[in-house]
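Hydrogens, waters and symmetry mates are skipped; everything else that's a heavy atom, side chains included, is used.
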Amino acid sequence: MNVLLVEDEPRVADFIDRGLRAENHGVTVASSGAEGVDLAKTGEFDVIVLDLMLPDMHGYDVCQRLRQEGHHTPILMLTAMDALEDKIKGIKIGADDYLTKPFDFDELLVRIEALVRRSHHFAPSSNVLKVADLSLDRELLEVTRGGETIKLTAKELAILELLMSAPGRVFSRTRILNQVWGYSEDPLTNVVDVYIARLRRKIDTPGREPLIETVRGHGYRLKAAG
């Protein structure tokens, strides 16, 4: 993804910038509303992360101006205001999502990626994901390994698709939880570990090379080919 971050607080901007770049996403930082508007008009971005409290103009005004001028890049608003009326106002003037400070980076990342998936900017390169002899057909919702069909539940399939979308990348438990179960799930639950164990029993059966790896203290990943 190519992300436009409109944020005037250096510490917050640096936190988001470093986190997104660690996930191999491109980031351009604008420290004012006017700069953000000018950059957004280039159409080079997949998503805009927009702080509301900017030094020269309110984030609402930035969003409204872009929408009125016909720019449809998904916008995620960041704000310290958590009142329902503030969120409703943001959505009404054209924002696509709303995240209240302070926030967990994994939640920010999941929300950004969800916005990009839903927008016209995103198109999966293939309906079929393949890692080693493991294959997942997104259209048929069919998983095979070594040509043998593996039956998975909806949640198991969603976790596997996430892991297969970026072989070698570590996905934290929080990110898997948010992506598969949503934000209402208790982050202290061990449901992710339970489902990973189920996946392992089905995917990494005896005699096959283990593909699902645990990275202690960080989360899980699917072993990259080679």
Side-chain angles (χ1 to χ4, degrees), residues 1-3 16-27 45-47 49 74 104-183 185 187 189-226:
M1 293 185 300
N2 197 13
V3 181
I16 297 174
D17 185 21
R18 286 187 291 106
L20 290 174
R21 290 184 186 279
E23 295 288 334
N24 296 315
H25 299 310
V27 184
F45 302 98
D46 299 298
V47 64
V49 179
D104 182 90
F105 179 77
D106 281 330
E107 181 176 357
L108 172 67
L109 184 61
V110 168
R111 286 177 180 257
I112 289 173
E113 292 179 343
L115 287 178
V116 175
R117 281 199 306 273
R118 292 199 297 265
S119 77
H120 66 278
H121 293 274
F122 178 85
S125 58
S126 173
N127 282 330
V128 179
L129 298 175
K130 290 186 177 181
V131 177
D133 59 346
L134 179 65
S135 176
L136 189 160
D137 190 311
R138 289 167 156 165
E139 185 173 347
L140 299 178
L141 302 180
E142 181 179 84
V143 176
T144 61
R145 184 162 191 194
E148 179 183 338
T149 300
I150 301 172
K151 293 183 178 181
L152 300 180
T153 66
K155 289 290 192 292
E156 291 167 350
L157 189 67
I159 295 173
L160 183 62
E161 181 178 6
L162 180 63
L163 297 178
M164 291 184 72
S165 69
R169 179 186 295 180
V170 179
F171 291 91
S172 69
R173 289 173 175 82
T174 300
R175 185 175 177 190
I176 295 173
L177 192 69
N178 289 340
Q179 183 89 6
V180 177
W181 279 270
Y183 309 115
E185 187 70 25
T189 181
N190 69 340
V191 66
V192 172
D193 302 305
V194 170
Y195 272 81
I196 288 289
R198 292 181 183 178
L199 264 180
R200 278 197 170 114
R201 287 196 293 269
K202 295 180 179 182
I203 300 297
D204 294 337
T205 53
R208 287 175 170 165
E209 179 186 6
L211 293 179
I212 301 174
E213 300 180 330
T214 300
V215 181
R216 294 191 181 279
H218 295 281
Y220 299 99
R221 68 184 173 195
L222 200 71
K223 186 176 182 180

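The shortest side-chain heavy-atom distance between Tyr220 and Val192 falls under the 4.5 Å cut-off. Within the 4.5 Å cutoff, the side chain of Arg198 has no heavy atoms near those of the Thr153 side chain. Inter-residue side-chain proximity for Arg138 and Leu129 is flagged as met; some heavy-atom pair is nearer than 4.5 Å.
Here the side chain of Arg200 pairs a donor or acceptor atom with the backbone of Ile212 at under 3.5 angstrom.
Between the CD1 atom of Ile176 and the NZ atom of Lys155 there is a distance of 13.5 Å, given to the nearest 0.5 Å. Remark: Glu209 CD to Ile203 CD1 distance equals 13.5 Å, nearest 0.5 Å. Between the CG atom of Leu160 and the CD1 atom of Ile150 there is a distance of 8.0 Å, given to the nearest 0.5 Å. To the nearest 0.5 angstrom, Lys151 atom NZ is 14.0 Å from Leu157 atom CG. One distance of note links CZ of Arg169 with CG of Leu163; it measures 11.0 Å at 0.5 Å rounding.
Taking both residues in full, the closest heavy atoms of Arg145 and Asp204 are given as NH1-OD1, 3.2 Å, listed atom of the first, atom of the second, then distance. Nearest heavy atom pair, residue Pro167 against residue Lys223, reads CB-O, 4.4 Å. Between Asp46 and Val116 the shortest heavy-atom distance is O-CG2, 4.0 Å. Ile112 approaches Met1 most closely through the heavy-atom pair CG2-CE, 3.5 Å. For the pair Gly19 and Phe105, the tightest heavy-atom approach, listed with the atom from each and the gap, is C-CZ, 3.2 Å. Annotation for Val3 and Phe45: closest pair C-CD2, 3.7 Å, computed over non-hydrogen atoms.
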